Amino acid sequence: MKNILFFGGGNIAQSVIEGLIKSGYKRNNIFFIDRNTKNKKKLEKLKIKEFSRDKTDQISFFFLCVKPKDALNSFKEIKQLKKNAKVISFVAGIKSNKYIKIDETTKFMRAMPNTSSRYGLGITALFNSTFSIEDRKFIDKLFNKVGMVIELNKEIEMDQFTGLVGSGPAYFFYILKVYEKELLKMCGNDNRKVNEIMVNLLKGVSMSINYNNDLDALVTMVASKKGTTEAGLDSFKKNKLNKYFKDGLRSAVKRSKEISNEF
Ligand SMILES: NC(=O)c1ccc[n+]([C@@H]2O[C@H](COP(=O)([O-])OP(=O)(O)OC[C@H]3O[C@@H](n4cnc5c(N)ncnc54)[C@H](OP(=O)(O)O)[C@@H]3O)[C@@H](O)[C@H]2O)c1
């Protein structure tokens with residue numbers, strides 16, 4: 001099993017690390033570097049070792065998992081640790097050529113996972129810039145351990161993937177907050193009950209999609225003429241929920257494109 005290092009041990013690094021551990025990847029083969037005390041503590045609780053410089057030669061792959069503002073400096077720090085480091089960037093927006101400009105010989109690829117990797121249900125897009133076929137295959141296999149993998153042929157597709165899928169879980173959590181509020185009223189503020197209702201409802205939704213990918217047909221199965229569902233759906237339509245949701249998704253994709261020009 002190869003040694004891997006997460007440079008930046010925040011939200012997404014923790015999700016992928018937890019998913020890898022659940023899939024059988026050995027904790028001993030995972031290291032991290034982070035300056036944030038809270039994140040350090042979380043990783044120490046997961047029994048992940050903080051990286052020590054004497055181990056540099058033993059690290060096969062470095063995952064760059066910092067916010068875009070810290071990305072290029074962190075990349076330089078990795079290169080100072082190990083000149084020929086192989087780097088996989090999780091960073092939204094910033095394109096491969098920005099890193100390759102810093103070191104033209106660098107072995108580099110991009111990955112865009114999402115937080116569902118923690119449960120083995122991740123969706124990770126990969127775009128290879130300069131990795132060898134063998135190394136790319138290893139990374140592909142690694143992310144297959146925490147969910148599904150989508151290989152992108154063009155880097156530009158990464159912006160769409162970032163806005164739609166990388167950010168995806170948050171859209172549904174956000175919308176569910178409205179639902180949760182109404183359920184809490186119905187259940188006398190019983191949080192556990194509401195949580196259970198939401199989990200079962202979403203499990204049912206995901207099983208239904210798995211069983212039948214025709215979303216219109218699934219809606220029709222629930223909504224009857226002049227019934228309650230139809231009243232709800234009509235109100236969504238009248239208030240242009242579709243348009244606002246689409247606008248939100250497009251704003252996220254646009255933001256991913258903008259980030260690249262900011263650094
Ligand atoms: N969150 C997601 O769902 C998700 C999904 C896909 C991709 N991504 C991408 O992954 C990247 C990380 O996102 P995140 O949500 O995991 O961020 P995060 O929770 O803020 O984690 C980043 C961590 O890196 C640390 N860090 C930054 N620069 C460092 C340095 N030079 N030395 C040591 N530690 C350093 C940060 O410390 P400080 O807090 O002190 O700055 C923080 O603990 C972003 O670029 C994002 O676009 C995120």
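We count ligands from 1, going down the list as the structure has it; atoms in each ligand are counted the same way. What you see is a predicted model; the values in this text were computed from it and never measured.
Against a heavy-atom cut-off of under 4.0 Å, Phe90 is close to the following atoms of ligand 1: 7 (C), 8 (N), 9 (C), 10 (O). In summary, the atoms of ligand 1 found under 4.0 Å from a heavy atom of Pro68, numbered by their order in the structure, are 45 (O). Per-residue contacts place Gly8 under 4.0 angstrom from the following atoms of ligand 1 (heavy atoms of the residue considered): 23 (C), 24 (O). Within ligand 1, counting atoms from 1 as listed, the ones closer than 4.0 Å to a heavy atom of Pro113 are 5 (C), 6 (C). Listed by number with element, the atoms of ligand 1 under 4.0 Å from a non-hydrogen atom of Ser74 are 28 (N), 31 (N). Near Asn39, the atoms of ligand 1 lying under 4.0 angstrom from a non-hydrogen atom of the residue are 42 (C), 43 (O).
Glu262 has a carboxylate O that lies under 4.0 Å from a charged side-chain N of Arg255, or vice versa, which qualifies the two as a salt bridge. Ion pair Lys243/Asp247 flagged as a salt bridge, since at least one NZ, NE, NH1 or NH2 atom sits closer than 4.0 Å to an Asp/Glu carboxylate oxygen. A salt bridge links Asp70 with Arg35: the closest approach of a Lys/Arg side-chain nitrogen to an acidic carboxylate oxygen falls below 4.0 angstrom.
Here Ala92 has heavy atoms under 4.0 Å from ligand 1 in both its backbone and its side chain. Counting heavy atoms closer than 4.0 Å to ligand 1, residue Asp70 contributes side-chain atoms (C-beta onward) but none from N, CA, C or O. Only the side chain of Glu77 comes within 4.0 Å of ligand 1, counting heavy atoms alone; its backbone N, CA, C and O stay farther away.
Of the protein's heavy atoms, Gly10 CA, 4.0 Å lies nearest to atom 18 (P) of ligand 1. Ranking the protein heavy atoms by distance from atom 36 (C) of ligand 1 puts Asp34 OD1, 4.0 Å first. Counting protein heavy atoms only, atom 34 (N) of ligand 1 is closest to Arg35 N, 3.2 Å. Nearest to atom 39 (O) of ligand 1 among the protein's heavy atoms is Asn36 ND2, 2.9 Å. Of the protein's heavy atoms, Ile12 CG2, 3.4 Å lies nearest to atom 10 (O) of ligand 1. Scanning the protein heavy atoms around atom 12 (C) of ligand 1, the nearest turns out to be Cys65 O, 3.4 Å. Considering only non-hydrogen protein atoms, atom 30 (C) of ligand 1 sits nearest to Phe7 CE2, 3.6 Å.
More than 12 heavy atoms of other residues, nucleotides or ligands shown are found within 6.0 angstrom of CE on Met198. More than 12 non-hydrogen atoms from other residues, nucleotides or ligands lie less than 6.0 angstrom from CG of Asn84. In this structure, Arg27 places its CZ atom where more than 12 heavy-atom neighbours from other residues, nucleotides or ligands lie under 6.0 Å away. Within 6.0 Å of NZ on Lys137 lie no more than 12 heavy atoms contributed by other residues, nucleotides or ligands.
For ligand 1, the polar-atom distance check against Thr115 finds no nitrogen or oxygen pair separated by under 3.5 Å. Of the N or O atoms in Ile33, none lie within a sub-3.5 Å distance of an N or O in ligand 1. Geometrically, ligand 1 and Met112 share no nitrogen or oxygen pair separated by less than 3.5 Å. Every N/O-N/O distance between Lys69 and ligand 1 stays at or above 3.5 Å.
Nearest to atom 11 (C) of ligand 1 by heavy-atom distance, out of Val66, Val91, Asn114, is Val66. Nearest-residue assignment for atom 17 (O) of ligand 1 (options Lys40, Lys38, Lys67; heavy-atom criterion): Lys67.
Looking at every heavy atom in both residues, Thr162 comes nearest to Met112 through OG1-CE, 3.5 Å.
Listed for the Ser167 side chain is no donor-acceptor partner under 3.5 Å among the backbone atoms of Leu164. Formation of a donor-acceptor pair under 3.5 Å by the Lys98 side chain with backbone atoms of Phe263 is found in this model.
Taking the six-membered ring wherever Trp is involved, the centroid distance between the rings of Phe32 and Phe6 does not fall below 6.0 Å.
For the pair Lys107/Ser132, no side-chain contact is recorded, criterion being any heavy-atom separation below 4.5 Å from C-beta on.
Exactly one residue among Phe7, Phe108, Phe138, Phe31 makes a ring-ring contact (aromatic ring centres under 6.0 Å, His included) with Phe61. That residue is Phe138.
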